[in-house]
Amino acid sequence: MLKPELISMGCRLNLAESNALAEQLAGHEDIIIINSCAVTNESVRQTRQAIRQAYKRRPDARLWVTGCAAQVEPETFQNMPEVAGVFGNHEKQNAALLREIINRPDRPVVVSDIMTIAQTAPHLVTAYAGKTRAFVEVQNGCDHRCTFCIIPYGRGNSRSVPAGSVIEHIQKLVDTGFQEVVLTGVDVTSYGHDLPGQPNLGSLVERILKLVPDLPRLRLSSIDGVEIDARLFDLLTSEARVMPHVHLSLQAGDNMILKRMKRRHSRELAIDLVARLKAKRPDIAIGADIIAGFPTEDDAMFANSVDLVRQCGIVHGHIFPYSSKKGTPAARMPQVPPQIIKARAKALRDAVATEKAAWINALIGSIHNVAVESGGLAGHAENFAYLKLNKMMPEGRIVSVRVTHIQDEVLQAEVIE
């Protein structure tokens with residue numbers, strides 16, 4: 001059955017939810033849904049641009065907007081002539097309500113107060129990386145109020161999916177042939193506090209591994225280091241089926257900036273956590289989110305963030321130039337000039353590139369198991385290193401490879417028969 005066209009902006013969770021939307025609205029191929037992002041003003045601008053481009057390409061389709069930007073500022077999209085209607089993040093989880101909304105002849109705006117939604121996430125949504133990797137939502141919303149972030153007002157407070165539902169869903173994915181599952185959400189490490197008995201992420205991971213024994217690979221999306229419980233730490237550092245790859249929400253390397261961001265960790269805690277992870281699992285690869293040019297950041301504060309990249313050996317870096325977001329406390333702080341923000345973002349990317357270059361050079365000659373994707377010609381190793389293969393392999397398989405050399409900054413590998 002034909003499905004609507006989905007255009008996802010922003011995070012992996014949006015991608016997963018877009019997949020669910022397409023399934024819920026199967027048969028409505030005459031509509032386009034823009035699943036928006038509100039993390040920065042630039043994200044909202046890009047959403048407006050995507051709306052105009054989609055309308056120009058398919059003027060006969062009815063175009064709907066949902067997602068975080070639609071939730072936070074629905075009037076922005078209601079006022080665009082290209083838009084047939086707007087619905088919020090809560091509404092996009094209700095298939096019956098969705099069908100009712102999109103069949104309305106007027107230009108409806110249906111956006112409930114997300115902060116009043118207290119029940120656990122009512123469904124599991126999944127996005128797919130080809131036939132190999134599935135991203136499974138286990139949590140939604142966030143209870144924290146970082147001064148730069150509007151997302152809690154787009155997603156609501158933290159709510160979790162019961163472990164039994166997660167496990168049943170993952171088993172179905174494995175039965176379908178998926179080799180790797182990535183647990184995703186807005187604040188994944190807050191998992192479970194709203195469920196009976198208050199389980200944590202460590203206990204969820206442990207139950208998945210025990211009750212889905214034929215799942216080859218389990219990976220976590222971005223996590224908050226301060227919330228890594230002892231059980232999760234042990235699984236990350238000792239369980240072969242949990243991938244040696246941790247992506248940390250660090251945001252900055254200076255304690256004063258972290259305090260002004262209202263983050264709950266210090267520079268020292270981050271460095272110590274990474275040191276302990278690497279001491280117990282030397283092959284673990286570290287990724288991180290870091291913001292360049294947060295308000296009030298001076299040269300010395302920024303230098304601490306650059307140094308954090310080196311101290312933690314960050315090889316998978318997501319570097320974000322700070323972008324003021326209306327409605328956040330950080331928007332009212334003294335701003336760093338745009339040209340300085342741009343230069344600092346480049347310096348951080350260069351620092352990550354230096355760490356990554358040393359890391360991939362050290363991988364030459366090593367043997368890894370690669371989950372084949374990209375049409376059978378490449379895939380990711382356990383540590384999330386991307387490797388191109390010397391011959392085509394069936395997509396969705398896990399194959400052993402030996403890293404041979406680097407070409408165009410990409411690792412090349414030969415399949416071991």
Side-chain angles (χ1 to χ4, degrees), residues 11-12 15 127-135 177-182 216-222 240-248 250 274 277-278 281-290 292 306 308-321 342-417:
C11 66
R12 291 286 190 187
L15 182 63
Y128 308 110
K131 303 174 183 177
T132 305
R133 186 183 308 113
F135 298 84
F178 284 91
Q179 300 293 318
E180 182 176 308
V181 164
V182 184
R217 295 161 63 134
L218 183 64
R219 198 181 298 274
L220 303 179
S221 62
S222 180
R241 293 161 62 205
V242 177
M243 296 297 94
H245 166 222
V246 175
H247 193 92
L248 298 170
L250 296 182
V274 171
L277 288 167
K278 290 186 174 183
R281 195 169 188 178
D283 62 331
I284 201 163
I286 306 298
D289 300 327
I290 303 179
V306 175
L308 186 73
V309 172
R310 181 183 62 81
Q311 294 270 6
C312 293
I314 295 168
V315 296
H316 300 299
H318 290 173
I319 307 302
F320 300 92
K342 183 177 180 180
R344 288 178 180 174
K346 180 181 184 303
L348 280 169
R349 292 190 188 102
D350 289 345
V352 172
T354 298
E355 295 298 317
K356 185 172 184 177
W359 177 63
I360 64 174
N361 270 287
L363 293 177
I364 295 175
S366 59
I367 294 174
H368 300 271
N369 293 316
V370 170
V372 181
E373 34 188 303
S374 302
L377 292 172
H380 287 88
E382 301 96 326
N383 58 12
F384 211 59
Y386 184 72
L387 295 93
K388 286 192 174 181
L389 309 181
N390 66 329
K391 61 180 179 180
M392 184 175 290
M393 300 298 293
E395 188 171 353
R397 276 185 56 187
I398 294 179
V399 298
S400 293
V401 304
R402 180 182 290 106
V403 180
T404 55
H405 64 288
I406 300 170
Q407 182 177 323
D408 298 326
E409 300 182 353
V410 176
L411 287 168
Q412 310 293 311
E414 62 179 3
V415 177
I416 301 173
E417 299 293 347

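Predicted model, so just to flag it, every value in this text is computed and none were measured.
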* N/O donor-acceptor pair under 3.5 Å between Arg219 side chain and Glu382 backbone -> yes
Partner of Ile286 under side chain to side chain contact (heavy atoms under 4.5 Å, CB included), picked from Val274, Val315, Val309, is Val274
In short, Leu248 meets Ser222 closest at the heavy-atom pair C-OG, 4.3 Å
Value for CZ (Arg281) from NE2 (His245), rounded to nearest 0.5 Å, stands at 12.0 Å
N/O donor to acceptor pairs below 3.5 angstrom from side-chain atoms of residues 345-353, sequence neighbours left out:
| residue | atom | partner | partner atom | Å |
| --- | --- | --- | --- | --- |
| Lys346 | NZ | Asp350 | OD2 | 2.8 |

Shortest non-hydrogen pair, Ala381 vs His368, comes out as CB-CB, 3.9 Å
CG (Leu411) and CG (Leu363) are apart, to the nearest 0.5 Å, by 6.0 Å
Scanning both residues in full, the closest heavy-atom pair of His380 with Glu373 reads ND1-OE2, 3.1 Å
Rounding to 0.5 Å, atoms CD1 (Ile364) and CD (Gln412) come to a distance of 10.0 Å
Between the CD atom in Glu395 and the CG atom in Leu377, the distance rounded to the nearest 0.5 Å is 9.5 Å
message = When you compare the side chain of Asn361 with that of Ile406, does any pair of heavy atoms fall below 4.5 Å?
response = yes
Discussion item. For Lys278, I'd like to know if atom NZ has over 12 heavy atoms of other residues, nucleotides or ligands within 6.0 Å.
Written reply: yes
Heavy atoms of Ala378 and Lys388 approach each other most closely as CB-CA, 4.0 Å
Rounding to 0.5 Å, atoms CZ (Arg217) and CG (Asn369) come to a distance of 7.0 Å
Kindly say whether Val410 contributes a backbone atom to a donor-acceptor pair with the side chain of Asp408 at under 3.5 angstrom? no
On a heavy-atom basis, the closest approach of Gly376 and Leu389 is O-CD1, 4.0 Å
Rounded to the nearest 0.5 angstrom, the CG-CD1 distance for Leu387 and Ile360 is 9.5 Å
| message | Within the structure provided, determine whether Asn390 and Glu414 are in side-chain contact (heavy-atom separation under 4.5 Å). | response | yes
So salt bridge (Lys or Arg N to Asp or Glu O under 4.0 Å) across residues 351-371, not counting sequence neighbours, yields none
Taking every heavy atom of His316 against every heavy atom of Phe384, the minimum-distance pair comes out as CE1-O, 3.6 Å
message = For His318 and His247, I'd like to know if the aromatic rings sit close, meaning centre-to-centre distance below 6.0 Å.
response = yes
